[in-house]
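What follows is a set of notes on a single structure, which appears directly below.
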Protein chains: 2
Amino acid sequence: MKKEKISMDLKNSNLKVTPQRMAVLEALDSLKNHPTADKIKEYVIKNHPNVAVGTIYKTLETFFEKGLVKKVKTEKDVMRYDAILKKHHHLYCEDTEQIEDFFDDKLTKMLEEYFKKREIPNFQVKDLKLQIIGTFINKKSLNK
Amino acid sequence: MKKEKISMDLKNSNLKVTPQRMAVLEALDSLKNHPTADKIKEYVIKNHPNVAVGTIYKTLETFFEKGLVKKVKTEKDVMRYDAILKKHHHLYCEDTEQIEDFFDDKLTKMLEEYFKKREIPNFQVKDLKLQIIGTFINKKSLNK
DNA sequence: CTATTAAATAGGAATAATTCCTAATTAGGA
DNA sequence: TCCTAATTAGGAATTATTCCTATTTAATAG
């Protein structure tokens with residue numbers, strides 16, 4: 001069952017299994033597309049009305065420290081969270097807030113290979129994330 | 001002279017040349033390493049004590065829209081500004097706030113080539129930025 | 001099952017970053 | 001020199017996030 005997997009994730013990170021943390025993980029699981037803390041808050045509170053906002057922020061920060069979520073950096077000034085841990089890159093829409101995951105093992109491998117050969121002075125590379133900026137071409141909206 | 005170049009930049013973007021905008025551009029020029037709005041504010045106000053904070057934010061936003069600066073978002077949740085427009089990538093330190101520019105034309109070209117061949121469904125690529133995450137190896141601090 | 005205790009949470013106040021508002025000023029063109 | 005749309009000052013308002021402390025709770029050992 002899903003809940004058991006979730007509480008496993010928590011235990012593996014030496015975190016106590018609390019309803020609040022479960023709720024945040026559920027939210028992250030349901031809300032695709034890199035929710036803001038605000039969206040997560042909304043979702044959590046819908047199901048658990050008396051979870052404190054501060055708790056949600058703290059929980060997200062804890063998860064981030066333990067590597068259970070990642071933060072997505074954007075040009076906009078709200079932080080967004082990403083629960084998908086498989087290596088991937090992001091497509092950023094120039095015009096909207098949309099951010100999509102972009103999985104491409106060949107690309108990832110190419111980048112890794114590149115930095116195996118190409119040493120950067122005084123810097124040790126640990127992770128590589130490509131920001132692919134552009135526009136989504138939605139066939140339906142061509143006549144806008 | 002430098003000031004003339006700056007006011008050219010402004011005119012080319014259809015922006016009026018005002019002392020406030022000159023001051024912000026000067027600040028961006030002097031403050032290397034991706035200053036926060038706060039650092040820019042500090043610098044501007046040192047030289048022009050009665051420039052309003054709102055004006056600085058608005059000016060930065062205007063510059064961003066016109067493409068005179070770029071925004072860099074970090075996991076620490078403050079926006080930082082980047083006046084260097086030559087194509088480049090960024091080195092992010094995992095442990096500190098440090099962000100460095102990383103120029104590598106070969107890398108840039110490799111990525112561009114890759115996306116010329118590799119079409120992404122419903123998405124038109126306009127820009128590619130690599131986030132290189134890792135740690136700076138400072139010889140002096142090895143004995144920490 | 002119960003007691004213990006360190007960790008986690010509620011609730012809201014405090015802070016920090018950024019945006020918004022309006023009257024006054026100003027740059028650039030006529 | 002004048003006109004007008006654009007810009008700015010100054011500060012209030014908003015928004016996102018962090019911080020604080022008394023209370024509660026999950027995990028562990030007995």
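Chain naming here is simple, since letters A, B, ... match the order of the sequence lines and numbering starts at 1 in each.
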Handout entry: Lys/Arg N to Asp/Glu carboxylate O, E113(A) vs K116(A), below 4.0 Å
Key = yes

Exercise for the section: Figure out the CZ/P separation between R21(A) and dA10(C), and round it to whole Å. Expected result: 11 Å

Exercise for the section: Would you indicate which nucleotide in dA6(C), dT9(C), dA5(D) comes nearest to any side-chain atom of K16(A)? Expected result: dA6(C)

Practice task
Let me know the distance between NZ of K39(B) and C1' of dT18(C), rounded to the nearest Å.
Solution key: 18 Å

Practice task
Would you indicate, yes or no, if dA9(D) has its OP1 or OP2 atom less than 4.0 angstrom from a side-chain nitrogen or oxygen of Q20(B)?
Solution key: yes

Fill in the blank from the handout: When K41(B) and P19(B) are each assigned the nearest nucleotide of DNA chain C, the 5'-most assignment goes to K41(B)

Handout entry: Members of residues 47-66 of chain B that approach DNA chain D, where some heavy atom sits under 4.0 Å away
Key = N50(B), V51(B), A52(B), T55(B), K58(B)

Practice task
Please state how far atom CG in L10(B) lies from atom P in dA27(C), giving the value in whole angstrom units.
Solution key: 13 Å

Practice task
Look at T36(B) and dA17(C) and indicate whether a side-chain polar atom (N or O) is within less than 4.0 Å of OP1 or OP2.
Solution key: no

Handout entry: Aromatic ring pairing H90(A)/H34(A), orientation class (parallel under 30°, perpendicular over 60°, tilted between)
Key = perpendicular

Completion exercise
In whole angstroms, the gap separating P of dG11(C) from CD1 of I45(A) amounts to 10 Å

Exercise for the section: Assign the ring pair F103(B) / H88(B) to parallel, tilted or perpendicular, where the plane angle (0 to 90°) is split at 30° and 60°. Expected result: tilted

Problem - Contact check, side chains of T18(A) and L10(A), non-hydrogen atoms, under 4.5 Å - result: no

Exercise for the section: For N14(A) and for K11(B), locate the closest nucleotide of DNA chain C by heavy-atom distance; then report the residue assigned to the nucleotide nearer the 5' terminus. Expected result: N14(A)

Handout entry: Side-chain ion pair, D105(A) and K87(A), N-O less than 4.0 Å
Key = no

Handout entry: Integer-rounded Å distance: dA16(C) P and M79(A) CE
Key = 18 Å

Handout entry: Nearest to side-chain heavy atoms of V17(B), which nucleotide of dT17(D), dG28(C), dT7(D)
Key = dG28(C)

Completion exercise
note: I40(B), atom CD1; dT18(C), atom C1'; distance rounded to Å ~ 13 Å

Exercise for the section: Can you label the angle between the F123(B) ring and the F136(A) ring as parallel, tilted or perpendicular, going by 30° and 60°? Expected result: perpendicular

Exercise for the section: Mind calculating the distance between CG (L25(A)) and P (dA8(C)) to the nearest angstrom? Expected result: 14 Å

Handout entry: Whole-Å distance separating the CE atom of M22(A) from the C1' atom of dT9(C)
Key = 17 Å

Problem - L130(B) and Y114(A), any side-chain heavy atoms less than 4.5 Å apart - result: no

